[in-house]
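Just so it is clear: chains get the letters A, B, ... in the order the sequence lines come, proteins before strands, and each one is counted from 1. Remember, predicted model here, so these are calculated numbers, not experimental data.
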2 protein chains.
Amino acid sequence: METSGRQRPTMADVAEKAGVSRALVSIVFRDQPGASPQTRDRVLRVADEIGYRPDSAARLLARGRSRTLGVMFTVRQPFHADLVEGIYPEAERLGYDVLLSATAQGRGEDKAVEALLGHRCEAVILLGTDAQPVDIDALGHRTVAVSVGRRVPHARVDSVHTAEGKGVRQAMEHLVELGHRGIVHIDGGRGPGSVERRRAYRAAMRRHGLERELRVIPGEHTEQSGIDAGRSLLAERDHGRPLPTAVLAGNDRCAMGLLMTLAQAGVEVPRDLSVVGYDDSHLSHLMPIGLTTVRQDAVLMAECAVRFAVERLENAVSEPREAVLAPKLTVRGTSGPPPGG
Amino acid sequence: METSGRQRPTMADVAEKAGVSRALVSIVFRDQPGASPQTRDRVLRVADEIGYRPDSAARLLARGRSRTLGVMFTVRQPFHADLVEGIYPEAERLGYDVLLSATAQGRGEDKAVEALLGHRCEAVILLGTDAQPVDIDALGHRTVAVSVGRRVPHARVDSVHTAEGKGVRQAMEHLVELGHRGIVHIDGGRGPGSVERRRAYRAAMRRHGLERELRVIPGEHTEQSGIDAGRSLLAERDHGRPLPTAVLAGNDRCAMGLLMTLAQAGVEVPRDLSVVGYDDSHLSHLMPIGLTTVRQDAVLMAECAVRFAVERLENAVSEPREAVLAPKLTVRGTSGPPPGG
DNA sequence: GCGCTCTACTAGCGCGCTCTAGTCGAGTAC
DNA sequence: GTACTCGACTAGAGCGCGCTAGTAGAGCGC
């Protein structure tokens, strides 16, 4: 038994063993005309026998193009998982390879993106980037970039997102119709879509004549943020200020954290307080009573992002494009009439 | 403004602009002795100016080694997210690059692994693989492979997992001490660790003289599995068979699904029924009342896996190795005394 | 016979890098 | 002066492929 450093077979090995030229092997593996069926067969058989597998580094170097899409995402962001699942099949359908690079503790977006570019990805798909517009624009000049979830108005990147305003509006209508007036918004800080959601929340409150009840608690798109917001609401209650009757969370994760904190404090949802999330990541179904949330169609967004990237690569599209998908409120168990209502 | 197909600068461009040879640029970028500080500086400045960035495909092709670890994981498996977060820093510390490849709908483990090997990963780290031992062994012969979460006894791969038996035993002791007797296990099917957990469950039941109560509901490591199991338990209750007083779920996801179903049916946890999970993925903290679960230290497991891979690559370790980490029961809110107890 | 086309195949350059085996010049020893 | 060392740098082969330009041979019409 050899050591782990065994030589991996190359095209030349296959060619020799099959008694043909390297070029012919190349032709066979690229599935191009120029080889007889018999030869094709023999080459493939030999290749299989000796365990040959094309080296994508060399292949990539040789042809100018890598036909690879890089995806930057955040491990732990359940909605990103949904998106990644949608990206793979669409990329494969269009003949592209996918490389993932995650951001994590100690591995910022810049590092994740550099890794992708170093591997010669032709385009970078950013899932819910938190980067400065300036940096995103710079990236868009260096390569083809698509931002998913966050619109980047004046940058040279395509973007795919949902009509945040529309989604928030639906959620707010829902709550107001149920009779809520004291509706608080925990926002997503610099998270994707946050600005738009916050704005839409404010507008909705005003439209319903609730500007005096308007309140935005700063947060971000994490469970911790929901927990923190929950704690401060509870602390306020203990100091005499009543709880709001409904909370519009920045996203599902935030809603989850909030729900956890409320439950621990004995606040019953939706009897005492209604909670609405955003994303409809698969988290939402897992809540015991089901999270009322605004659904973003992850698969559709993913497909759209891939298509944007590929079209730009292949047709040299010039203008930045923007796909705005329609979100849809999904009512589940965390929203109901307000306590006194 | 050029089209997207702009030429990316190469070492030759840097060399020319800096007035040195390509080799010197290479030396500078590999941070190797053989260049004066002034030259080094100049080269780096020029490179930065024209936006040069080493092409890892070419680099990888040129030196024999890629210094890249491939990680196969399942998007949506929260515990994998925890592991991935641990893998990045340890790999970086040891000077290795990481490539992720996810399994997903329509993209099986074989496809995910092929992608990694095609990209010249020197080793493959399999997170919770579901593949046949035969296939894993074959992979181990083709490359360096490490299996995390699942032990693969007679295969040529290293493995990292926790002492499943020990974890289950702790969970069972906990439940029995609380007074439970009717303890059901929803198993993880072919999922990693399932066999061992099932066996340990059986052994514990027998040891406590509860073989008549012993019951394993077939499942897998998904929320759906917990939902299904919950539904059948509820259906049985409606036909007169009493609910068990405790359920040991195959993993946290399964526990979550179960909890959801129970809550919807008005079964209160832990008053009517106790639930224990397995993994302590970050899901566990998010449960409103906190999931009692068996903690596996993801970071430690990740580091261990990376080290195994790297050591095998660099020292040609011959014997398959196995790291067995100690799990630890983490009691939270989903376990309590049985109804009548 | 000739020229033509068409299929099946091959030679060999080049992708952007690494790395070995050098060269060159300044410094040191005697 | 010669003989050496040492640091700074370069020439050029080669990594495993893709691809262009080509050849050899069969088949066809005249």
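Side-chain N/O atoms of A/Thr39 include one lying less than 4.0 angstrom from OP1 or OP2 on C/dC9. A/Ser26 has no side-chain polar atom (N or O) that falls below the 4.0 Å cut-off from OP1 or OP2 of D/dC17. Between B/Ser21 and D/dT10, a side-chain N or O to OP1/OP2 separation shorter than 4.0 Å is present. Contact annotation: A/Ser56 does not reach the phosphate of D/dC17 (side-chain N/O to OP1 or OP2, under 4.0 Å). Residue A/Arg30 places at least one side-chain N or O closer than 4.0 Å to OP1 or OP2 of D/dC19.
Under the 3.5 Å distance criterion, with hydrogens and angles disregarded, a donor-acceptor pair is assigned to the side chains of B/Ser101 and B/Arg107. A donor atom on one side chain and an acceptor atom on the other are found under 3.5 Å apart for A/His161 and A/Glu322.
Taking atom CD1 of B/Ile27 as the reference point, atom P of C/dT23 lies 16 Å away to the nearest angstrom. Atom CG of B/Asp55 and atom P of D/dG16 are 16 Å apart (whole Å). We find that CG of A/Leu61 is positioned 4 Å from C1' of C/dC15, with the value rounded to whole Å. A/Arg63 has its CZ atom 10 Å from the C1' atom of D/dC17, to the nearest Å. Atom CE of A/Met11 is separated from atom C1' of D/dG16 by 7 Å (rounded to the nearest Å). At whole-Å resolution of the value, CZ in A/Arg120 and P in C/dC15 are 11 Å apart. Between A/Arg65 atom CZ and D/dC17 atom P there is a gap of 20 Å when expressed in whole angstrom units. Between the CG atom of B/Leu24 and the P atom of C/dC24 there is a distance of 16 Å, rounded to whole Å.
Distance from the side chain of A/Ala62 is smallest to D/dG16 among D/dG16, C/dG16, C/dT18.
Residue B/Ala23 is in base contact, counting any heavy-atom pair closer than 4.0 Å across all strands shown. A/Arg40 comes within 4.0 angstrom of nothing in the nucleic acid, heavy atoms only. Residue B/Pro54 is classed as a sugar-phosphate contact, given heavy-atom separations below 4.0 Å to backbone atoms only.
Between B/Phe29 and B/Tyr52, the ring planes lie perpendicular to each other; the angle is over 60°, past the 30° to 60° tilted range.
A salt bridge does not link A/Arg63 to A/Glu122: none of the charged side-chain nitrogens sits closer than 4.0 Å to a carboxylate oxygen. A salt bridge links B/Glu90 with B/Arg93: the closest approach of a Lys/Arg side-chain nitrogen to an acidic carboxylate oxygen falls below 4.0 angstrom.
Taking 3.5 Å as the limit, the base of D/dG18 and the side chain of A/Arg22 contain a donor-acceptor pair of atoms between them.
Searching all strands for a Watson-Crick or G-U wobble partner of C/dC2 with both distances below 3.5 Å returns D/dG29.
Projected onto DNA chain C by closest heavy-atom contact, B/Ala58 and B/Gln32 fall at different nucleotides, the more 5' of which corresponds to B/Ala58.
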